[in-house]
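Data first, discussion second: the structure below is written as structure tokens.
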Amino acid sequence: MVSAAGGGRVLADQDVCVGAGQCARVAPGVFDQADDGLVVLLVRDVPAGEVDAVLDAVDRCPSGAVRLGAPAGGPY
Amino acid sequence: MTTTDPGAATAQPGPQDDVPDFPVPRSCPFSPPQTYAGVRERDALTRVRVHGGKHAWLVARFEDVRTALAHPGASSDARNPAFPALGAGEQQVAAELRPFIRMDPPDHTQVRRMLVGEFTLRRVQALRPEIEAVCAEQVEHLLSRPQPADLVADYANRVSTTVICRLLGVPMEDLEFFRRVTSVSGSRTATAQEVGAALQELFGLLDRLIDLKAVTPGDDLVSRLVNGPLARGEITRTSLLSQIGITLNAGHETSRNAIPLAALDLLRHPDQLDLLRADPSLWPDAVDELLRHLSVADVITLRVATQDIALSVGTIPAGDAFIALLAGANHDPAVFDEPERLDVRRAQRHHVAFGHGVHQCVGQNLGRVELEIALRTLLERVPSLRLAVPESELPMRGASAIFGLDEVPVTW
Ligand code: HEM
Ligand code: SF4
């Protein structure tokens, strides 16, 4: 899982996303909303300073489309 | 997580002897109905009776509301006979017209995908100057009215109808017609026939709009849908009409009701208003706090469980209806410290005023920006704004899907 030092992998599933834009609002350095409204990842791994913001986005995403995976190099 | 222990407690009427009617009116416009706290504290599901005698379970705790609304077994399909519609005709209209707010995936997903691009953060930010111009113009209209003026009819309704019509591409010359029709279709005092006639007029207007935009497209939502999905045969004309209709209604009535309530909520908390005047960067947080505090769309979240849904207070059995109380969740003291207190510095944006799960408000980015600009423009331009009647004399809407005040007499 993600550590306070960052490094976890961010996962975003466009098939599940309902385009509410919560993720891009709370963690704009990590998530963007494409013109079609769906989530786009700006980075692969959680940047060190963005851990709380990403956890917030995961908590708030209404559809469960954004998640955290193992750090890069892990099984994902 | 989606399986349920068959031995786990299913929803029991428990010690609940009577089945109260629902919805219940608010006794104070700025607080949820008084009975919600008891429902939230009770360690069992509470059963209520809705229109036509049907039963539904209430879900009132924050985590339960989120769990229930995000559950794959939470169905919004109004064609299900168990669907807990709150008013006469509501279920029939929704079952026939099938607006996507009352659809389930995958049908819902298909429609929603056609619309989400219209409401992205970027798109809404680009609309800011236009919304600012609309609010500036409408506040001058308010000031031109004899006092006391009505904050609903003379400001909020004018702002929300203008913004939604611009977004959809409704020609400005149809605006008055549109205002008249929606004031009837959203009215509590109008008869079923009057509402039916108003809806028909509205659909007539939208039908002509579709023809117009096919010939002379503009930079608006209806033009893009007509020349995109409709032209490609991805949606029928009948469905498109319903989807435009719900977007228009959902976007208009919520803002129309939220703007005056939020303005009053700030006026009755002068310390909070002072904070905003001293530091305008607090506005976005303040808007979310007002949305939480007021929770105007409290009872829009009507569902039928198509699978057992396990919650902290018991399990809603498959086949039963439930209502996820957004105001109940937003005033849950387990999540929000002193929930009755309006605190613009709360900075807890994870309220559920826009719902949760796949139906979470598609227009929320617009809703936030519209509310922010409408409030700022009003309170900055009219610093002496105040209620012209005692709070207790404000005419409250009875129990309707979107809470609001019918009239807010103000002076300055
Ligand atoms: C104060 C502002 C608003 C509030 C509190 C609000 C609240 C809500 C809520 C709670 C839902 C979820 C309903 C459910 O789960 O059954 C919803 C859905 C919806 N809202 Fe809003 N809304 C607001 C503004 C807007 C605006 C400005 C628009 C459009 C211009 C809009 C359009 C819609 C639509 C089309 C849906 C259905 C989405 C779906 O089913 O996927 N709303 N809204
Ligand atoms: S918060 Fe979730 S549903 Fe909304 S845009 Fe981001 S990924 Fe999609």
Side-chain angles (χ1 to χ4, degrees), chain A residues 1-4 6 8-44 46-70 74-76, chain B residues 1-2 62-63 65-72 74 100-101 105-106 108-126 221 224 228-229 284-285 287-288 301 324 335 347-369:
Chain A
M1 280 309 292
V2 71
S3 71
R9 175 74 69 90
V10 196
L11 305 168
D13 187 344
Q14 291 207 341
D15 290 338
V16 175
C17 171
V18 294
Q22 298 270 20
C23 53
R25 213 162 71 89
V26 298
V30 177
F31 306 100
D32 192 14
Q33 218 184 349
D35 287 342
D36 65 5
L38 300 185
V39 60
V40 179
L41 282 180
L42 299 174
V43 295
R44 222 171 60 134
V46 183
E50 303 259 12
V51 178
D52 285 347
V54 171
L55 289 173
D56 205 14
V58 170
D59 174 55
R60 249 185 262 180
C61 171
S63 65
V66 294
R67 290 184 297 122
L68 282 171
Y76 291 85
Chain B
M1 282 298 287
T2 50
F62 183 83
E63 282 309 333
V65 163
R66 292 198 356 147
T67 303
L69 289 176
H71 199 283
F100 73 112
I101 196 170
H108 165 264
T109 320
Q110 201 213 348
V111 176
R112 179 145 176 147
R113 295 253 153 132
M114 293 178 188
L115 284 170
V116 283
E118 300 291 332
F119 297 98
T120 60
L121 289 163
R122 246 192 297 280
R123 190 49 70 75
V124 168
Q125 285 305 334
L221 183 150
R224 279 185 286 273
D285 279 344
V287 163
D288 272 294
T301 39
V335 177
Q348 263 176 311
R349 294 197 193 167
H350 68 305
H351 59 75
V352 290
F354 291 114
H356 196 62
V358 298
H359 290 277
Q360 191 186 62
C361 184
V362 77
Q364 61 182 283
N365 297 320
L366 177 64
R368 285 193 186 89
V369 166

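On a predicted model such as this, the values are computed, not experimentally measured, just so you know. Below, read A as the first sequence line, B as the second, and so on, with proteins coming before strands; counting in each chain starts at 1.
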Would you name the heavy atoms of [X] and [Y] that are closest together and state the gap between them?
X      : Y     : value
B:V116 : A:D36 : CG2-O, 3.1 Å
B:A70  : A:P62 : CB-O, 4.2 Å
B:Q364 : A:A20 : NE2-CB, 3.6 Å
B:H350 : A:D59 : CD2-OD2, 4.1 Å

### Query
Do B:R113 and A:L38 have side chains that get closer than 4.5 Å, going by heavy atoms?
yes
### Task
Determine yes or no for a side-chain-to-main-chain donor-acceptor pair under 3.5 angstrom, with B:R122 supplying the side chain and A:Q33 the backbone.
yes
### Query
What part of A:A65 lies closer than 4.5 angstrom to a heavy atom of chain B: side chain, backbone, both or neither?
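Nothing of A:A65, per the 4.5 Å heavy-atom cut-off to chain B.
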Which value, rounded to the nearest 0.5 Å, describes the distance between [X] atom [atom1] and [Y] atom [atom2]?
X     : Y      : atom1 : atom2 : answer
A:R60 : B:R66  : CZ    : CZ    : 9.0 Å
A:R25 : B:D288 : CZ    : CG    : 5.0 Å
A:S63 : B:H356 : OG    : NE2   : 8.5 Å

### Task
Measure distances from B:V358 to the heavy atoms of chain A and classify the residue's part below 4.5 Å as side chain, backbone, both or neither.
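Both parts, heavy atoms under 4.5 Å.
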### Task
Find the one option among B:P105, B:C361, B:G357 whose heavy-atom pairs under 4.5 Å with chain A are most numerous.
B:G357
